[in-house]
2 protein chains.
Amino acid sequence: MSERLSEETRGPLLDPLLANGWTMVQGRDAITKTYSFDTFVDAIGWMMRVAIWAEKWNHHPEWSNVYGKVDVVLTTHDVGGLSSLDAKLARKMDSLC
Amino acid sequence: MSERLSEETRGPLLDPLLANGWTMVQGRDAITKTYSFDTFVDAIGWMMRVAIWAEKWNHHPEWSNVYGKVDVVLTTHDVGGLSSLDAKLARKMDSLC
């Protein structure tokens, strides 16, 4: 079971992401990033690769797509905020670009 | 090249969709529908099938996904509103459920 990030764990897990294009969502304990791809096929292909990891880890993003753009929001509904799973999925998303 | 739906073509193309869960978007010449699937895999699998047709027809949706829910908006940016391509893609989306 995942737990909400504590003050101690928050910095080490989130700071590298915040330095890599992720930002905090206003009014929510969640992180967001916009990915831009050259084509729709590139965007959907990336979403499919991410989806397999999301399902494998049973941790799913909120995301939207318009042509080559994908907006992602990550949070952990079960704990009402960010958990280590969000950081893990964010790192995977970055690595799959 | 696609053209914006005329008064004459609008009813015959849109009425069957509006009777099948599609609604007009407030303030835009666009149609929207929310699809609900039992699982994330069902939702993403459907999105992938739709994506292949969207790319084949070079006509792409605005869509967002959270777990088993997919919100879709269709319009034709090139013509500033709805075209027959939107009706075609909407029918395909419904048929792929």
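The sequence lines fix the lettering, A, B, ..., with proteins before strands; numbering per chain opens at 1.
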Checklist entry - Taking non-hydrogen atoms and a cut-off under 4.5 angstrom, which of residues 60-73 of chain A neighbour chain B? => result A/His60, A/Pro61, A/Glu62, A/Trp63, A/Ser64, A/Asn65, A/Val66, A/Tyr67
Item to check | Between CG on residue A/Asp78 and CD on residue A/Glu3, distance to nearest 0.5 Å | outcome: 12.5 Å
Next on the checklist: Please output the residues of residues 44-51 of chain B in contact with chain A, using a heavy-atom cutoff of under 4.5 Å, in numerical order.
Outcome noted: B/Ile44, B/Met47, B/Met48, B/Ala51
Item to check | pair B/Arg4-B/Thr76: side-chain heavy atoms closer than 4.5 Å | outcome: no
Item to check | Residues in residues 8-42 of chain A near chain B [non-hydrogen atoms, under 4.5 Å] | outcome: A/Phe40, A/Val41
Item to check | Neighbourhood of chain B inside residues 82-97 of chain A, taking heavy atoms under 4.5 Å as contact | outcome: none
